[in-house]
2 protein chains.
Amino acid sequence: MSKVAQVTASTEEHIRAVAKRIFVSKGYAGTTIRDIAEAANTNVALLNYYFRSKEKLFVQVFEESLREFFASMLNMLNQELTVREKIENLIDRDFDFLTQNTEIPLFIMHEIRSNESNFIKEMALHNHFWESYFFRQVNEAMVKGEMRKMESIELIVLILSNIQFVFMAKPMIMLIAQMDDAAYLALLQAHKIRIKEMLFSYLFFKQENL
Amino acid sequence: MSKVAQVTASTEEHIRAVAKRIFVSKGYAGTTIRDIAEAANTNVALLNYYFRSKEKLFVQVFEESLREFFASMLNMLNQELTVREKIENLIDRDFDFLTQNTEIPLFIMHEIRSNESNFIKEMALHNHFWESYFFRQVNEAMVKGEMRKMESIELIVLILSNIQFVFMAKPMIMLIAQMDDAAYLALLQAHKIRIKEMLFSYLFFKQENL
DNA sequence: TCTCGATTTAAACAAATGATTAAATCAATA
DNA sequence: TATTGATTTAATCATTTGTTTAAATCGAGA
């Protein structure tokens with residue numbers, strides 16, 4: 001039984017991994033279950049045997065992507081570090097993750113928007129987010145004048161803009177700048193250093209116009 | 001004849017406009033020609049009568065979107081303004097356009113990536129871009145120490161990150177911050193002011209570590 | 001070895017989809 | 001009014017797509 005379960009789990013996991021790669025690259029609507037079956041060296045009936053339907057398979061893939069996507073942010077929230085350290089940590093972790101998973105942010109944004117069956121909106125992403133230690137820390141720093149005053153959502157948008165856009169726009173950047181992969185990676189490194197410099201000097205400005 | 005041509009043009013234009021709305025919202029693969037025909041109060045045969053195929057209709061829509069998307073950037077490039085004025089101009093114009101066309105950036109990025117038939121790569125977006133007056137101006141300012149030194153592509157990525165991400169991530173922002181449309185619009189206004197402040201103080205720093 | 005449940009496969013089905021056909025309608029003009 | 005070409009429509013076609021069925025294969029335990 002242990003062996004059966006093992007084989008089962010690995011077949012199922014293999015299909016899920018293949019499905020993830022294709023869904024992430026071509027989107028839900030652009031992917032057929034035959035694409036997945038073929039790439040996984042199996043057949044469409046087996047997909048439905050393990051996952052019941054294309055949509056249920058997709059939901060699993062999407063939820064996993066969402067978890068990975070938010071992992072570094074959630075991780076950041078409740079650690080015993082300064083705000084500045086946490087933000088630097090977030091940038092480093094996100095760049096590492098996104099360099100290996102360039103397509104994830106665009107995939108998630110596109111599916112949230114084009115999704116009509118609303119299962120995404122039921123995932124309750126906002127849970128306990130704004131009440132976390134991080135945002136209390138931030139508020140405190142703002143009150144003390146150690147940090148520029150703004151709403152939490154503004155802060156998050158400002159930071160994530162500078163992290164994620166360069167990944168979401170990868171195809172266009174490579175196109176208009178006529179880059180190869182090596183040049184793109186070099187851009188990533190330069191960009192990462194630059195946004196730390198810019199964000200830190202903006203967020204932790206030398207207090208005067210508090 | 002003039003009347004025939006007029007009616008023709010308006011029917012064709014009406015279909016194109018409806019198609020654009022649906023393609024932009026649901027993506028190429030997620031859109032059926034029957035979706036479009038129904039929304040345009042006509043039938044699938046008429047779509048093919050005017051546009052020959054779903055793909056040819058899509059190409060027209062996509063090219064138009066691309067033109068609009070780059071309009072403010074191209075407009076900026078060769079005007080008689082200072083670098084700082086041009087960048088402020090770009091931010092203002094893009095925010096105006098994107099507020100009315102929130103879905104365009106995500107649409108374009110997604111289609112560039114999931115597109116397999118490569119017609120996009122043949123559109124030669126890079127033409128004369130890097131040789132424009134704007135980048136000569138920028139280079140000059142950098143040499144003079146009026147502006148922080150960086151590659152042109154870095155500068156563009158830095159600016160566009162801060163403009164476009166807030167639009168591309170709209171569905172997620174509204175979801176995790178539990179915003180309504182009014183709150184989102186308020187966020188846009190605050191963000192626009194903020195990024196001008198941040199970018200200008202970073203790009204046009206008080207010269208010292210030139 | 002035989003049995004039985006789990007896994008895998010080939011084949012088929014119904015619905016959806018992009019495209020086409022052929023006929024109907026319209027509108028200008030001879 | 002009759003003709004002609006442009007436009008619009010309903011119906012149909014062939015293929016693709018998600019799903020299901022039924023049979024085959026596998027592997028552990030009796």
Side-chain angles (χ1 to χ4, degrees), chain A residues 1-62 110-111 114-119, chain B residues 1-62 110-111 114-119:
Chain A
M1 177 209 152
S2 71
K3 202 169 180 187
V4 171
Q6 205 182 349
V7 171
T8 299
S10 89
T11 304
E12 188 178 330
E13 188 46 53
H14 175 240
I15 294 175
R16 204 195 332 270
V18 169
K20 185 176 178 182
R21 179 167 51 79
I22 301 179
F23 274 138
V24 165
S25 156
K26 308 211 281 182
Y28 177 78
T31 301
T32 72
I33 58 174
R34 281 172 180 79
D35 287 342
I36 299 171
E38 205 174 321
N41 283 312
T42 178
N43 56 75
V44 295
L46 198 62
L47 264 67
N48 282 317
Y49 173 75
Y50 279 114
F51 304 98
R52 313 285 301 162
S53 73
K54 178 189 178 186
E55 185 174 327
K56 287 190 171 64
L57 171 55
F58 176 78
V59 169
Q60 290 195 13
V61 164
F62 188 80
H110 177 260
E111 297 301 338
S114 63
N115 162 264
E116 301 203 320
S117 58
N118 276 19
F119 72 87
Chain B
M1 177 206 148
S2 70
K3 201 170 182 186
V4 173
Q6 204 180 350
V7 171
T8 299
S10 90
T11 303
E12 188 178 331
E13 187 47 51
H14 175 240
I15 294 175
R16 204 194 334 269
V18 169
K20 185 176 177 181
R21 179 167 50 79
I22 301 179
F23 275 138
V24 165
S25 155
K26 309 213 281 180
Y28 177 78
T31 301
T32 72
I33 58 174
R34 281 172 181 79
D35 287 343
I36 300 171
E38 206 174 321
N41 284 311
T42 178
N43 56 73
V44 295
L46 199 62
L47 265 66
N48 284 317
Y49 173 74
Y50 279 114
F51 304 99
R52 312 286 301 163
S53 73
K54 178 188 177 186
E55 184 175 325
K56 286 189 171 66
L57 171 55
F58 175 79
V59 169
Q60 290 195 13
V61 164
F62 188 80
H110 177 261
E111 296 300 339
S114 63
N115 161 265
E116 300 203 321
S117 57
N118 275 20
F119 72 87

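Both backbone and side-chain heavy atoms feed into the values below; hydrogens, waters and symmetry mates do not. All chains are named by letter (A, B, ...) in the order of the sequence lines, taking the proteins before the strands, and each is independently numbered beginning at 1. Note that the structure is predicted; figures quoted are calculated from it, not measured.
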Tell me, which pairs form a salt bridge (charged side-chain N to carboxylate O under 4.0 Å, His left out) where one or both residues lie in residues 35-49 of chain B, sequence neighbours left out? B:Lys26-B:Asp35
DNA chain C: B:Asp35 or B:Tyr49, which has the more 5' nearest nucleotide? B:Asp35
For DNA chain D, determine which residues of residues 40-48 of chain A have any heavy atom closer than 4.0 angstrom to one of its atoms, and list them numerically. A:Val44, A:Ala45, A:Asn48
Can you check nucleotides 13-16 of chain C for protein contacts, nitrogen or oxygen pairs under 3.5 Å, and list what you find?
none

Does the side chain of [X] reach to within under 4.5 Å of the side chain of [Y], using non-hydrogen atoms?
X       : Y       : answer
A:Arg16 : A:Tyr50 : no
A:Ile15 : A:Phe51 : yes
B:Thr11 : B:Leu46 : yes
B:Leu57 : B:Ile36 : yes

Do the ring planes of B:His110 and A:His110 sit parallel (below 30°), tilted (30 to 60°) or perpendicular (above 60°)? parallel
Is it the case that the side chain of A:Lys54 and the backbone of A:Tyr28 share a donor-acceptor pair, with hydrogens and angles ignored and the cut-off at 3.5 Å? yes
Sub-3.5 Å donor-acceptor pair from the side chain of A:Ser25 to the main-chain atoms of A:Arg21, do we have one? no
Can you check whether A:Tyr50 has a side-chain N or O nearer than 4.0 Å to OP1 or OP2 of C:dT8? yes
